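Source: prediction; values computed, not measured. Reckoned from all heavy atoms, side chains included, excluding hydrogens, waters and symmetry mates.
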Amino acid sequence: MREIRSNQIKSIVKKAKTNLVIWAIVTICGAAIFALSFFMDDIRKSTNFHEILAAGETAENKLVSVEVSEKPYVFAYYPNDNSGKFYFLWDEEFMYVAFLSEKEFNRLNQDDIKDHHLKVTGITKTIPSDIKKLALDAYNEAVDKEYQITSSEFADYFGYLYLDETEVDVTTVLCLIIGMIAYFTGFCCLIAQIINFVKLKKRMKKMSDEDWEALNIELDAEEAFYYKNAKLALTKNYLVDFSHGMKVIKYQDILWMYRYEYRYNGINTQLSIILYTNDKKRHIVAPLVGYTKKSKIVNQEIMESIAQKNDKMIIGYNSENRKKMKEEYQIKA
């Protein structure tokens, strides 16, 4: 990069580099959070399901786990629900009601599970009345009459909650959403910043040594005038647009200048200046909020200042000027 002596240019380059770093960090953090969401169940500490039931808790959406020591036993399912079925689960001491996906059932349905217990994790949910009845019937059919239980005793054996292995944890969902938003926003902004930074370097490199030296001096000169809201600087010989990095235009290269108003639903939302230069390129500079009186005053002031620097440029948008630009410079607008 060329030697920079102007404080203004140094500030622009520093800001561009800072933006690159910031959006790179946002992208990396977003990717990390997104990846973390897939391992959240392993990272978060789950509560032993029996402890929740033994305490008589009825709170849903708690992350719990069971060390399964027996093959799951299916006792109910909803015909139109393909996400899973209701099972009895056992650890070495107690029985639980759980809702498992087919994939999770197959993982637990192992002949050696008595010797090699497998951990299942899920979210607590209240046992529906119809599932409670089916669980009670299935349990009573499987045990001798003397061990059968009544509906009023059901909570003493199974509690009020079941473990839903198919339900995604709220924390996991939040991590997934935040990670996706941060990653895609960061990635898009990072690419945009890289493009702007590359353009900035190219524009700086493209300038002649004479113009570059003059610009460095003029930007820090007392006569230079800055329009912060318009992201524009006017020096002795140059117009410098800061809206997308740094675009430098010599006054003497401007062929045509006119005001441009962007309207949305009849409201003037943006006010800017259109410039055509002798290389036949169109430049949009000095973007301002279009519906304020101050913006109109600033816009007019900028146009008058530019016009004073080049008395040969055409000013204003009308059929006569359009025709002249088309015939003399082959510029269509």
Residue pair Gln308, Glu304: steps toward the side-chain hydrogen bond (donor to acceptor under 3.5 Å, both in side chains) verdict: CA-CA 6 Å; Gln308 291 174 5; Glu304 290 175 356; 5.7 Å; no
All side-chain contact (heavy atoms from CB on, under 4.5 Å) counterparts of Ala59, not counting sequence neighbours: Lys62
Hydrophobic cluster (4.5 angstrom, side-chain heavy atoms) - remaining members for Phe158: Tyr73, Phe75, Tyr78, Phe86, Phe88, Trp90, Met95, Val97, Phe99, Ile127, Ile131, Leu134, Leu136, Tyr139, Val143, Tyr147, Ile149, Phe154, Tyr157, Tyr162
Is any side-chain heavy atom of Glu60 closer than 4.5 Å to one of Thr126? yes
Verify, without hydrogens or angle tests, whether Asp144 (side chain) and Glu146 (backbone) share a donor-acceptor contact under 3.5 angstrom. no
If the condition is salt bridge (charged side-chain N to carboxylate O under 4.0 Å, His left out), which residues does Lys296 pass it with, not counting sequence neighbours? none
Is the number of heavy atoms from other residues, nucleotides or ligands within 6.0 Å of CG (Asp279) greater than 12? yes
Taking only residues two or more places apart in sequence, or in another chain, which ones meet Tyr258 in a ring pair (Phe, Tyr, Trp, His ring centres under 6.0 Å)? Trp256, Tyr317
Audit row: Gln8, Asp220, side-chain hydrogen bond (donor to acceptor under 3.5 Å, both in side chains) steps and yes/no: CA-CA 7 Å; Gln8 293 299 324; Asp220 288 343; 5.0 Å; no
Could you go step by step and tell me if Glu223 and Lys236 meet the salt bridge (charged side-chain N to carboxylate O under 4.0 Å, His left out) rule? CA-CA 7 Å; Glu223 61 190 74; Lys236 182 180 179 181; 5.6 Å; no
With sequence neighbours excluded, give me every salt bridge (Lys or Arg N to Asp or Glu O under 4.0 Å) pair touching residues 311-333. none
Using side-chain contact (heavy atoms from CB on, under 4.5 Å) as the criterion, list what pairs up with Ala98, not counting sequence neighbours. Leu89, Leu100, Leu163
Might you confirm whether atom CZ of Phe105 has over 12 heavy atoms from other residues, nucleotides or ligands at distances under 6.0 Å? yes
CA sep, side-chain torsions, deciding dist, call: Tyr227, Phe225, ring pair (Phe, Tyr, Trp, His ring centres under 6.0 Å): CA-CA 7 Å; Tyr227 295 88; Phe225 202 87; 4.9 Å; yes
Excluding Val21, membership of its hydrophobic cluster (Ile, Leu, Val, Met, Phe, Trp, Tyr; side-chain heavy atoms within less than 4.5 Å) reads Ile25
Can you list the steps and then say if Met204 with Ile9 is a side chain to side chain contact (heavy atoms under 4.5 Å, CB included)? CA-CA 10 Å; Met204 293 169 62; Ile9 301 178; 4.3 Å; yes
Inspect the surroundings of CD in Glu102 and state if more than 12 heavy atoms from other residues, nucleotides or ligands are less than 6.0 Å away. no
Can you check whether Ile273 reaches Ile284 side chain to side chain, under 4.5 Å on heavy atoms? no
I need the minimum non-hydrogen distance between Ile302 and Leu232, along with the two atoms involved. CG2-CD2, 3.5 Å
All N/O donor-acceptor pairs, side-chain side in residues 177-185, below 3.5 Å, sequence neighbours left out:
from   : atom 1 : to     : atom 2 : distance (Å)
Thr185 : OG1    : Ile181 : O      : 2.7

List, by chain and number, the other hydrophobic cluster members for Ile217, where Ile, Leu, Val, Met, Phe, Trp and Tyr join if side-chain heavy atoms come within less than 4.5 Å, directly or indirectly. none
For Ile194, side-chain contact (heavy atoms from CB on, under 4.5 Å) partners two or more places apart: Leu20, Leu190, Val198
Taking side-chain hydrogen bond (donor to acceptor under 3.5 Å, both in side chains) as the test, write out the residues that go with Thr150, two or more places apart. Ser152, Glu153
Taking the side chain as everything from C-beta on, heavy atoms only, tell me whether Gln270 gets closer than 4.5 Å to Val289. no
Identify, with sequence neighbours excluded, every residue that meets side-chain contact (heavy atoms from CB on, under 4.5 Å) alongside Lys247. Arg203, Asp241, Ile249, His283
